[in-house]
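One structure below.
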Amino acid sequence: ARQLTKNGSINLKPRWSPAGNALSYTGYAAGNADLYVADLAKGAIRRVSSRPGMNTGGAFSPLGNLLAVTLSVGGDAEIFTIDAGAGREIARLTRSAGIDSSPAWSPDGKQVAFVSERSGGPQVYVMNADGTGKTRLTNNGDHDLRPSWSPDGSKIAFVTARDGNL
């Protein structure tokens, strides 16, 4: 074990790259929820998204070239893909009145699971990697959070908060 960040700030939501040689995370070192990527071999950390508002969720695509992220464009949290190296925006995947967050790529890179409040409370959805074909997976009245795909892509695990308990 070794410490990666030493910036005296909050750093959270780490996500591994597929090759295991980098981590993305959200950090507040610059006073905003910005997205960083730590290159573990080089020991270098770079800020890849510092757009106004929230920059979080940095889930690497299976090839490691893209990050699915939550950006609060115009005040509403939506899912985007950005280039994992330079941070330039590739595509906006969601457009809804509710918060969309917690993106997770399928192992084959063809789909993204995410959490959305578009139906009232946080529920798990799946969409194609280009943002089409959104399907609601959960509908239980609870707060469903943090989707994660099984290695073979056949299942999605998630956290359910019932009565305020995780």
Atom of Pro122, atom of Val115 and distance for their closest heavy-atom approach = CB-CG1, 3.7 Å
Do Ser150 and Asp152 have side-chain atoms, one donor and one acceptor, less than 3.5 Å apart?
-> yes
Would you say Leu40 and Leu4 make side-chain contact, with heavy atoms under 4.5 Å?
-> yes
Can you list every pair that meets ring-ring contact (aromatic ring centres under 6.0 Å, His included) and has a residue in residues 82-116, with sequence neighbours left out?
-> Phe114-Tyr125
Is there a donor-acceptor pair under 3.5 Å between the side chain of Ser101 and the backbone N or O of Thr70?
-> no
What are the two closest heavy atoms between Val48 and Ala84, and how far apart are they?
-> CG1-O, 3.7 Å
In one Ile/Leu/Val/Met/Phe/Trp/Tyr side-chain cluster, 4.5 Å: Trp16, Tyr25 = no
Can Arg92 and Glu78 be said to form a salt bridge (Lys or Arg N to Asp or Glu O under 4.0 Å), step by step?
-> CA-CA 8 Å; Arg92 181 175 180 166; Glu78 301 289 349; 3.7 Å; yes
Rounded to the nearest 0.5 Å, what's the gap from OG on Ser24 to CZ on Arg46? Could you check?
-> 10.5 Å
Selection residues 16-36 - residue pairs positive for salt bridge (charged side-chain N to carboxylate O under 4.0 Å, His left out), sequence neighbours left out | Asp34-Arg47
Are Phe80 and Phe60 linked, directly or through other ILVMFWY residues, by side chains that come within less than 4.5 angstrom of each other?
-> yes
Check the pair Ser61, Asn65 against side chain to side chain donor-acceptor pair (under 3.5 Å), reporting the backbone distance first and the verdict last.
-> CA-CA 6 Å; Ser61 65; Asn65 60 328; 3.0 Å; yes
Look at the side chain of Asn128 and the backbone N and O of Gly131, then say whether any donor-acceptor pair between them is shorter than 3.5 Å.
-> no
CG of Leu145 to CZ of Phe158, rounded to nearest 0.5 Å, is 9.5 Å
Does a donor on one side chain sit under 3.5 Å from an acceptor on the other, for Thr160 and Asp144?
-> yes
Spatial distance of atom OG (Ser17) from atom CG (Asp39) [nearest 0.5 Å] | 9.0 Å
Indicate the atoms forming the closest heavy-atom contact of Asp142 with Ala161, along with that distance.
-> CB-O, 3.5 Å
Are Leu71 and Leu35 connected in a single hydrophobic cluster, I mean Ile/Leu/Val/Met/Phe/Trp/Tyr linked by side-chain heavy atoms less than 4.5 Å apart?
-> yes
Which pair of non-hydrogen atoms, one from Glu117 and one from Asp100, has the smallest distance, and what is that distance?
-> N-OD1, 4.4 Å
Applying side chain to side chain donor-acceptor pair (under 3.5 Å), run through Asn7 and Thr5 and close with a yes or a no.
-> CA-CA 6 Å; Asn7 56 25; Thr5 60; 4.9 Å; no
NZ of Lys134 to CZ of Arg95, rounded to nearest 0.5 Å, is 9.5 Å
Roughly how far apart are Asn11 CG and Tyr36 OH, rounded to 0.5 Å?
-> 8.0 Å
Tell me, do Gln123 and Asn140 make a side-chain contact under 4.5 Å, heavy atoms counted?
-> yes
Under a 4.5 Å side-chain heavy-atom rule over Ile, Leu, Val, Met, Phe, Trp and Tyr, are Val69 and Val37 clustered together?
-> yes
Looking only at heavy atoms, what is the nearest atom pair of Ile156 and Pro147, with distance?
-> CG2-CB, 3.8 Å
Just wondering, do Met127 and Leu93 contact through their side chains at under 4.5 Å, heavy atoms?
-> yes
Would you find a donor on one side and an acceptor on the other, under 3.5 Å apart, between the side chain of Ser96 and the backbone of Arg118?
-> no
Distance-only criterion, 3.5 Å: show the donor-acceptor pairs between side-chain atoms of residues 51-59 and protein atoms not counting sequence neighbours.
from: Arg51; atom 1: NH1; to: Ser49; atom 2: OG; distance (Å): 2.6
from: Arg51; atom 1: NH1; to: Gly87; atom 2: O; distance (Å): 3.4
from: Arg51; atom 1: NH2; to: Gly87; atom 2: O; distance (Å): 2.8
from: Asn55; atom 1: OD1; to: Ser49; atom 2: OG; distance (Å): 2.6
from: Asn55; atom 1: OD1; to: Arg51; atom 2: N; distance (Å): 3.2
from: Asn55; atom 1: ND2; to: Ala33; atom 2: O; distance (Å): 3.0
from: Asn55; atom 1: ND2; to: Arg51; atom 2: O; distance (Å): 2.8
from: Asn55; atom 1: ND2; to: Gly53; atom 2: O; distance (Å): 3.2
from: Thr56; atom 1: OG1; to: Thr26; atom 2: OG1; distance (Å): 2.8

Ser50 side, atom OG; Asn32 side, atom CG - distance, nearest 0.5 Å | 7.5 Å
For Ser106 and Pro62, which heavy atoms make the closest approach, and how far apart are they?
-> O-CG, 3.3 Å
